[in-house]
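Quick one: structure below, then a few questions.
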Amino acid sequence: MVAWLDVAFYGLSVAVGLGAVAAVVVWIYAFSLRKKLRDRLLSWENPAFGLPTAVLFMLALAFLSGVLLGYAFYLKYPSTSQVAVFWRSSTALFFLLFLETIVIYGGLQIQNMHCLAERGFYHIRFDWSLLKWRVELIPWEQVYDYYVHTEAVLSTFTLIFRDRRTISFQAPSYLRSSIEQVIDYGREKYVFLWRHGRSVTRSSSES
């Protein structure tokens with residue numbers, strides 16, 4: 001029994017240590033990405049992050065259940081027994097695992113966002129070969145056109161660029177109107193500057 005308790009306590013301690021390292025790494029990447037996203041006009045969580053969210057929620061719920069169960073077993077045994085000491089320590093370790101899961105979720109949520117800026121669309125992707133975030137700000141003047149497909153609670157936007165590239169992203173349907181306004185504003189501002197800029201340049205050269 002004592003040997004089993006030692007193994008279980010060691011396993012929980014290792015899990016807490018790995019969780020702490022994971023939380024630090026996740027937030028280093030989160031801060032690194034956030035610094036690259038300047039002048040954000042509109043941002044929302046990537047709908048594809050729904051599955052990791054569910055997994056992390058279940059983990060957090062399991063760890064919280066471990067806290068309650070460990071505390072219940074701690075009260076069951078005499079406080080001086082080795083079993084009671086184990087369950088008291090396990091309760092603290094499960095609580096740390098619960099907190100680490102919440103912290104990791106917060107860091108991952110920051111890294112799973114779609115962002116629009118006044119100047120353009122942020123194309124965010126993770127480069128696994130270099131283990132770093134790649135952020136490309138695509139100016140609105142490069143967007144030739146776009147179309148939207150709405151199905152259920154999600155809207156899929158496809159941007160068509162002047163070099164014939166296309167990029168698609170998803171957003172909750174309730175944000176469709178706001179996103180369209182941002183895209184239209186950016187494209188119309190470019191058209192206005194392009195037309196009137198040429199007129200001003202032509203008038204200046206003629207005078």
Side-chain angles (χ1 to χ4, degrees), residues 4-37 40 42-74 86-117 121-136 148-159 167-176 178-179:
W4 178 84
L5 293 180
D6 290 339
V7 172
F9 179 77
Y10 177 76
L12 285 174
S13 300
V14 170
V16 170
L18 293 176
V21 172
V24 171
V25 171
V26 165
W27 274 94
I28 288 175
Y29 276 105
F31 283 124
S32 173
L33 176 61
R34 195 159 191 171
K35 282 197 273 187
K36 298 178 181 180
L37 303 177
R40 288 184 297 170
L42 183 64
S43 61
W44 64 94
E45 184 179 302
N46 186 351
F49 188 57
L51 179 59
T53 296
V55 172
L56 290 171
F57 174 79
M58 288 188 292
L59 277 176
L61 187 60
F63 293 142
L64 185 59
S65 299
V67 172
L68 300 176
L69 187 64
Y71 186 70
F73 276 111
Y74 165 68
F86 165 77
W87 283 115
R88 183 181 61 191
S89 302
S90 297
T91 300
L93 292 176
F94 275 121
F95 185 68
L96 288 175
L97 286 170
F98 170 75
L99 292 180
E100 287 171 352
T101 303
I102 300 300
V103 170
I104 289 173
Y105 168 75
L108 290 176
Q109 186 182 40
I110 293 176
Q111 298 177 66
N112 285 271
M113 303 290 288
H114 287 309
C115 299
L116 302 182
F121 168 73
Y122 277 111
H123 184 212
I124 306 170
R125 62 192 186 279
F126 190 77
D127 189 340
W128 287 100
S129 61
L130 298 176
L131 295 178
K132 62 185 297 186
W133 283 105
R134 297 284 189 183
V135 178
E136 178 187 6
V148 188
H149 175 69
T150 298
E151 185 175 351
V153 296
L154 292 178
S155 293
T156 301
F157 290 77
T158 300
L159 303 180
I167 289 180
S168 297
F169 60 88
Q170 289 184 320
S173 295
Y174 70 87
L175 288 176
R176 173 173 176 170
S178 299
I179 295 173

statement: Those residues at least two apart in sequence (or on a different chain) that pass ring pair (Phe, Tyr, Trp, His ring centres under 6.0 Å) with Phe169 are Trp44, His114, Phe121, Phe157

statement: Scanning both residues in full, the closest heavy-atom pair of Ile104 with Ala23 reads CG1-CA, 3.7 Å

message: Is the shortest side-chain heavy-atom distance between Trp27 and Ile110 below 4.5 Å?
response: yes

statement: Separation between CG (Leu68) and CZ (Phe73), nearest 0.5 Å, reads 12.0 Å

message: If you define the side chain from C-beta out and look only at heavy atoms, does anything of Gln111 sit under 4.5 Å from Leu108?
response: yes

- request: Could you grab the distance from atom OH of Tyr122 to atom NZ of Lys36, nearest 0.5 Å is fine?
  value: 11.5 Å

statement: Taking every heavy atom of Ala48 against every heavy atom of Pro52, the minimum-distance pair comes out as O-CD, 3.6 Å

- request: Quick one: list whatever passes side chain to side chain donor-acceptor pair (under 3.5 Å) with Thr53, sequence neighbours left out.
  value: none

message: Is it the case that over 12 heavy atoms from other parts of the model lie below 6.0 angstrom from the CZ atom of Phe49?
response: yes

task: Please test Arg34 against Arg40 for side-chain contact (heavy atoms from CB on, under 4.5 Å), starting from the C-alpha separation and ending with a verdict.
output: CA-CA 10 Å; Arg34 195 159 191 171; Arg40 288 184 297 170; 3.6 Å; yes

- prompt: To the nearest 0.5 Å, how far apart are CG in Leu154 and OG in Ser173?
  reply: 6.0 Å

task: Could you grab the distance from atom CH2 of Trp87 to atom OH of Tyr74, nearest 0.5 Å is fine?
output: 14.0 Å

field: salt bridge (Lys or Arg N to Asp or Glu O under 4.0 Å) partners for Arg134, two or more places apart
entry: Asp127

task: Please tell me if the side chains of Leu97 and Leu12 come closer than 4.5 Å, counting only heavy atoms from C-beta onward.
output: yes

Any Glu151 side-chain heavy atom under 4.5 Å of Gln170 side chain: no

statement: To the nearest 0.5 Å, atom CE of Met58 lies from atom OG of Ser65 at 12.5 Å

- prompt: Of all heavy-atom pairs between Ala30 and Gly107, which one has the smallest distance, and what is that distance?
  reply: CB-O, 3.7 Å

- request: For Ser13, enumerate each residue passing the side chain to side chain contact (heavy atoms under 4.5 Å, CB included) test, keeping only those at least two apart in sequence or located in another chain.
  value: Phe9, Leu93

statement: residues 89-109 vs side chain to side chain donor-acceptor pair (under 3.5 Å), sequence neighbours excluded, gives Glu45-Gln109, Tyr105-Gln109

task: Find the distance between OG (Ser155) and CZ (Arg176) and round it off to the nearest 0.5 Å.
output: 5.5 Å

- request: Output all residues satisfying ring pair (Phe, Tyr, Trp, His ring centres under 6.0 Å) with Phe126, sequence neighbours left out; order by chain, then residue number.
  value: Tyr29, Trp128, Trp133

